[in-house]
Trainee: 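Pasting a structure below so you can have a look.
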Amino acid sequence: MTHALVIGGGIAGPVTAMALRHAGLDATVHEAHPTGADHLGAFLVLFANGLAALRAVGADEPVLACSFPADTVEFLGPGGARLGARPLTGAGDNGLSPRTLQRSALYRALRDEAVRRGVRVVYGKRLVDATTGPDGVVAHFADGTRAEGDVLIGADGIHSRTRTLLDPAAPPPRHTGQLTVCGRTSGAGHAVPERTYRMVYGQRAFFGCTAAPDGTAYWFANIPAPEQPRPALAAISPAGWRERVLAAFAGDRTPVTGLVAATGDAVVGVNAYDIPTLPVWHSDRTVLVGDAVHATAPNAAQGASMAIEDGVVLARCLRDLPRPEDAFAAYERLRRERVERVVELSAAMAGRIATPPEQSRTAASSGGADDWLTSYRVDWDAPAG
């Protein structure tokens, strides 16, 4: 294997491409959007496991430079009482505290670092078909062009075209029964404690917030709701999203409503989906990474970290196993159990968005319960075979 066609320029795509370069292999990223996906998304969190995977291929510094850390998570009940707090895994692990950043900033940091390493990124390349021959694979794009490579890596997200080409019977993404709304404001009437994620269990919904060093507050709300058609979602204004969140927390005695009311137009809402399990991860020349193969509900905040882990593990397998089908099988063996466990965990969290205060207090005091999740490390130097 000498050249990989990577479909998708979000998170998994550039990470996979630069990890391949780190392994001495070549890759080209094909992004469907005409100028990249820098404008998409709100904000996200990278935990110690995702940051450590970037560090394994020397790519963590650009992400650290455009993000800010937190060391503690604290919990409030619907009456505003503090239920407990605990340190975040990785807070003392050589700069691996969880980091918050704009999704667009992460896209730019990963893409720019990939380009700096010699990865070619081409835009306006929306995949429509792929054909496989004895010597490789050919990707066909909506603009009539094509590209040839040894393997095709589908990093094209939850609505992956690569996934449906690989397996037309693949199960579609599952709606998790919630909407996720994200916002940010620099005029908040509520000061979030420094270097802290504040989580609020409301009577009807769940809320989280943190603050950057400059005082900008970042918040999200997970609200139980049926799936909304895409046109209906696109038609909701920032004011409409604010009203939905305010209604979900009406009657609670928490800082949520003040923080949301102080937010301007920097609000976005989406349906929350996951993919609990996918029967087919790869063929002899095509493989899936990131949300294309195991999208998670946002509740565990692990989607980006899982995608980063995928890219680094896959590159390690392609480095060590000369036949792509053997490398893909090793990658699936190393990843399937872990990612499906993460999807299951996040789905369970989505199913109990509003948690009774007694259970919330137990969760707040259960430090270390998620060590299996965030203490995972990719051993880049270990043989993959």
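Since the structure is predicted, the reported quantities are computational estimates derived from the model, not experimental observations.
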Trainee: Can you tell me how far the CD atom of Q102 sits from the OG atom of S67, to the nearest 0.5 Å?
Mentor: 11.5 Å

Trainee: Using 30° and 60° as the class boundaries, would you call the ring planes of H175 and Y273 parallel, tilted or perpendicular?
Mentor: perpendicular

Trainee: Roughly how far, to the nearest 0.5 Å, is CZ of F220 from OG1 of T210?
Mentor: 10.5 Å

Trainee: Once you round to the nearest 0.5 Å, how far does OH of Y331 lie from CZ of R336?
Mentor: 10.0 Å

Trainee: Membership question, hydrophobic clusters at under 4.5 Å side-chain separation (ILVMFWY): are V312 and L20 in the same one?
Mentor: yes

Trainee: Using modelled atom types and a 3.5 Å cut-off, is there a donor and acceptor pairing between side-chain atoms of R204 and backbone atoms of A250?
Mentor: yes

Trainee: Taking the side chain as every heavy atom from C-beta outward, state whether L314 and D310 have any pair of such atoms under 4.5 Å apart.
Mentor: no

Trainee: Within the 3.5 Å criterion, strictly below it, is a donor on E340 or T277 matched to an acceptor on the partner's side chain?
Mentor: yes

Trainee: Measure the shortest side-chain to side-chain distance between R99 and P69 over non-hydrogen atoms and say whether it is less than 4.5 angstrom.
Mentor: yes

Trainee: Locate the shortest heavy-atom distance separating A261 from L246; write the atom from each residue and the value.
Mentor: N-CD2, 4.3 Å

Trainee: Suppose the criterion is side-chain hydrogen bond (donor to acceptor under 3.5 Å, both in side chains): which pairs have a residue in residues 2-18, not counting sequence neighbours?
Mentor: T2-D150, H3-D26, H3-T28

Trainee: Hey, could you give me each pair passing side-chain hydrogen bond (donor to acceptor under 3.5 Å, both in side chains) that has a residue in residues 245-269? Not counting sequence neighbours.
Mentor: Q203-D252, W219-T263

Trainee: Taking the side chain from D284 and the backbone from E325, do they hold a donor-acceptor pair closer than 3.5 Å?
Mentor: no

Trainee: Evaluate the side-chain contact (heavy atoms from CB on, under 4.5 Å) criterion for residues L373 and M306: first the C-alpha distance (whole Å), next the side-chain angles of each, then the deciding distance (0.1 Å), finally the verdict.
Mentor: CA-CA 10 Å; L373 180 58; M306 290 296 111; 4.3 Å; yes

Trainee: I need the L101 CG to Y107 OH distance, nearest 0.5 Å.
Mentor: 11.0 Å

Trainee: Identify the heavy atoms of P255 and L76 that sit nearest to each other, and give their distance.
Mentor: CD-CD1, 3.9 Å

Trainee: To the nearest 0.5 Å, what is the distance between CZ on F328 and CG on L288?
Mentor: 9.5 Å

Trainee: Would a 4.5 Å heavy-atom cut-off, applied to side chains only, mark I308 and L46 as touching?
Mentor: yes

Trainee: Does the side chain of R377 come within less than 4.5 Å of L96's, by heavy atoms?
Mentor: yes

Trainee: Does the cation-pi check pass for R338 over Y376, that is, NZ or CZ under 6.0 Å from the six-membered ring centre and within 45° of its axis?
Mentor: yes

Trainee: Just to verify, what does D143 make a salt bridge (Lys or Arg N to Asp or Glu O under 4.0 Å) with, not counting sequence neighbours?
Mentor: K125

Trainee: Kindly indicate whether the side chain of V293, heavy atoms from C-beta on, has any atom under 4.5 Å from the side chain of V339.
Mentor: no

Trainee: Would N299 and S346 satisfy side chain to side chain donor-acceptor pair (under 3.5 Å), going step by step from the backbone distance to the final call?
Mentor: CA-CA 5 Å; N299 302 71; S346 207; 4.5 Å; no

Trainee: Are V57 and V15 close enough that some pair of their side-chain heavy atoms sits under 4.5 Å apart?
Mentor: no

Trainee: Between W380 and H22, what is the ring plane arrangement, given parallel below 30°, perpendicular above 60°, and tilted in between?
Mentor: tilted

Trainee: Do V287 and V151 have side-chain heavy atoms sitting under 4.5 Å apart?
Mentor: no

Trainee: Please list every donor-acceptor pair under 3.5 Å in which a side-chain atom of residues 153-160 meets a protein atom from a residue at least two apart or in another chain.
Mentor:
from : atom 1 : to   : atom 2 : distance (Å)
D156 : OD1    : S160 : OG     : 2.6
D156 : OD1    : T162 : OG1    : 3.3
D156 : OD2    : S160 : OG     : 3.4
D156 : OD2    : R161 : N      : 3.1
D156 : OD2    : T162 : N      : 3.0
D156 : OD2    : T162 : OG1    : 2.8
H159 : ND1    : R230 : NH2    : 3.4
H159 : NE2    : R230 : NH2    : 3.0
S160 : OG     : T162 : N      : 3.2
S160 : OG     : R163 : N      : 2.9

Trainee: Closest heavy-atom contact between M199 and G208?
Mentor: SD-CA, 3.7 Å

Trainee: Can you tell me if T374 and N49 form a side-chain donor-acceptor pair at under 3.5 Å?
Mentor: no

Trainee: Taking only distance into account, with no hydrogens and no angle test, what donor-acceptor pairs under 3.5 Å do side-chain atoms of residues 126-140 form with protein atoms, sequence neighbours excluded?
Mentor:
from : atom 1 : to   : atom 2 : distance (Å)
T131 : OG1    : H140 : NE2    : 3.3

Trainee: Tell me which pairs pass side-chain hydrogen bond (donor to acceptor under 3.5 Å, both in side chains) where either residue lies in residues 235-245, with sequence neighbours left out.
Mentor: none

Trainee: Does R341 pair with E337 as a salt bridge, N-O distance under 4.0 Å?
Mentor: no

Trainee: Can you classify the ring geometry of F249 versus F207 as parallel (below 30°), tilted (30 to 60°) or perpendicular (above 60°)?
Mentor: perpendicular

Trainee: Working to the nearest 0.5 Å, report the span between CG of D71 and OG1 of T196.
Mentor: 7.5 Å

Trainee: Taking side chain as C-beta onward, heavy atoms only, is P14 less than 4.5 Å from E113?
Mentor: no

Trainee: Quick check against the 3.5 Å criterion: does R319 have a side-chain atom that pairs as donor or acceptor with the backbone of A19?
Mentor: no

Trainee: Taking 4.0 angstrom as the limit, do E31 and R111 come out as a salt bridge?
Mentor: no

